Amino acid sequence: MITICISNSIIYTLIYIVLFFIHTPAQPKPSGFASVSGKGLETTTGGYGGETVTVRNQSDLEKHAGSPGKKIILIDGSITIKPFGKEINIKSNKTIRGVGTKSEIVSGGFRLINVSNVIVQNLTIRDFYLEGDWAGKKNDFDGFQMDNSHHIWIDHCHLTHGGDGLIDSRKGTTFLTVSWCILSNHNKAFGIGWTDKVETQITIHHTWFKKTNQRNPSGDNILRAHLYNNLLEDIKGYGNWARGGANMIIENSVYKNVRNPHFV
């Protein structure tokens with residue numbers, strides 16, 4: 001089921017473009033479902049209170065992201081992932097944040113399996129597209145693959161030109177917020193579901209879907225999805241899709257040159 005409240009104003013999109021590039025504060029607080037208590041957590045704090053480390057290569061990123069306990073991991077510069085398409089495992093209680101405007105993950109992404117309390121901010125994640133596989137049938141390369149996880153906040157990230165999904169939130173992943181992000185130049189942008197359980201709770205706000213063909217997002221069996229202040233632009237397939245037992249509220253979103261803005 002979709003409930004839609006659409007504003008005619010696009011002023012917020014101009015504000016979005018400016019604010020996207022403003023550096024996030026040292027300990028920002030999430031909005032939406034990542035801030036809601038459940039499953040033993042009051043909110044999403046990431047690695048707050050733990051050691052702060054700076055990484056500049058894949059080896060150090062993997063070591064610290066996969067370590068136990070709380071940790072704030074600052075990515076300084078560009079890291080190219082090998083082998084191509086590999087997803088870096090993130091364990092619970094981590095903040096991963098790019099330093100400045102040039103921090104990026106190239107040719108790979110992140111994997112969150114059975115974890116909680118993770119924040120990823122201020123990163124570009126790009127170019128994990130397998131040449132010739134636009135449909136994503138020959139690979140499972142994702143920018144974010146999240147299975148059975150909760151209290152995740154993806155904020156101020158730009159995901160572009162990927163393999164399978166830019167963001168795949170699967171198998172009961174819940175208490176998730178995606179905010180102030182750009183998803184661009186991709187086929188299957190943002191998939192939610194892959195489960196018979198109707199328990200996922202997710203917020204997507206101030207996010208720009210540009211030249212993303214489908215799944216913007218596509219949500220299956222979502223208990224509560226709140227989408228607001230998003231911009232969907234130049235999409236040949238479809239925009240927002242609520243499937244199965246999904247309950248989705250859409251507010252103040254703008255659709256520009258989108259073939260099918262929303263449907264069930």
Side-chain angles (χ1 to χ4, degrees), residues 1-25 28-36 43-44 97-98 101 119-125 143-144 146 151-160 165-167 169 173-186 189-192 200-219 222-235 237-242 246-264:
M1 178 181 68
I2 292 181
T3 303
I4 303 167
C5 302
I6 302 175
S7 169
N8 292 324
S9 173
I10 61 172
I11 294 176
Y12 85 87
T13 62
L14 301 177
I15 297 172
Y16 162 80
I17 292 170
V18 173
L19 291 181
F20 179 82
F21 295 101
I22 295 178
H23 187 67
T24 51
K29 296 180 180 180
S31 58
F33 280 111
S35 69
V36 174
T43 187
T44 303
R97 182 182 299 133
T101 60
I119 299 172
V120 181
Q121 292 179 307
N122 203 41
L123 279 177
T124 294
I125 302 170
F144 288 95
M146 300 174 283
H151 288 90
I152 312 296
W153 183 25
I154 301 170
D155 176 63
H156 282 80
C157 289
H158 182 189
L159 295 99
T160 185
L166 293 178
I167 302 175
S169 176
T173 293
T174 188
F175 298 111
L176 169 66
T177 295
V178 176
S179 59
W180 297 99
C181 288
I182 300 173
L183 281 67
S184 69
N185 191 24
H186 187 77
F190 192 161
I192 308 165
T200 293
Q201 301 184 89
I202 179 171
T203 302
I204 305 169
H205 70 85
H206 293 90
T207 290
W208 186 5
F209 296 82
K210 181 176 176 62
K211 295 184 179 179
T212 48
N213 186 49
Q214 57 181 311
R215 300 185 183 177
N216 297 291
S218 170
I222 304 172
L223 180 62
R224 298 181 182 94
H226 188 194
L227 282 56
Y228 67 92
N229 289 10
N230 298 306
L231 170 62
L232 286 74
E233 183 176 13
D234 296 334
I235 295 172
Y238 62 86
N240 310 137
W241 187 7
N247 296 286
M248 184 180 292
I249 293 178
I250 303 169
E251 297 183 286
N252 298 325
S253 291
V254 174
Y255 303 83
K256 181 180 179 182
N257 193 25
V258 180
R259 181 179 177 186
N260 294 298
H262 41 75
F263 64 98
V264 295

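As the structure is a prediction and not an experimental result, all values here were calculated from the model.
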Checklist entry - Yes or no on side-chain contact (heavy atoms from CB on, under 4.5 Å) for F144 and I152, after CA distance, side-chain angles and deciding distance? => result CA-CA 11 Å; F144 288 95; I152 312 296; over 6 Å; no

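The CG atom of L232 sits 15.5 Å away from atom CZ of R259, with the distance rounded to the nearest 0.5 Å. Here I235 contributes atom CD1 and N240 contributes atom CG; the two are 8.0 Å apart, rounded to the nearest 0.5 Å.
Evaluation of the side-chain contact (heavy atoms from CB on, under 4.5 Å) rule for K210 yields S184, W208, E233, D234 as partners, not counting sequence neighbours. Qualifying side-chain contact (heavy atoms from CB on, under 4.5 Å) partners for T124, counting only residues two or more places apart in sequence or in other chains: E104, R126, H158. Remark: F175 engages H151 in a ring pair (Phe, Tyr, Trp, His ring centres under 6.0 Å) (not counting sequence neighbours).
Taking the six-membered ring for Trp and thresholds of 30 and 60 degrees, H262 and Y255 have ring planes more than 60 degrees apart, a perpendicular arrangement. In this structure, H226 and Y228 have tilted ring planes: the angle between them lies in the 30° to 60° band.
For the pair N216 (side chain) and Y238 (backbone), a donor-acceptor distance under 3.5 Å is present. In this structure, the side chain of S35 does not engage the main chain of T43 through any donor-acceptor pair within 3.5 Å. Remark: the backbone N or O of T207 is paired with a side-chain donor or acceptor of N230 at under 3.5 angstrom. Between the side chain of S179 and the backbone N or O of D155 there is no donor-acceptor pair closer than 3.5 Å.
Judged purely by distance below 3.5 Å, without hydrogens or angles, the side chains of H206 and N229 pair a donor atom with an acceptor atom.
In this structure, C181 and V178 approach most closely via the heavy-atom pair SG-CG1, 3.9 Å.
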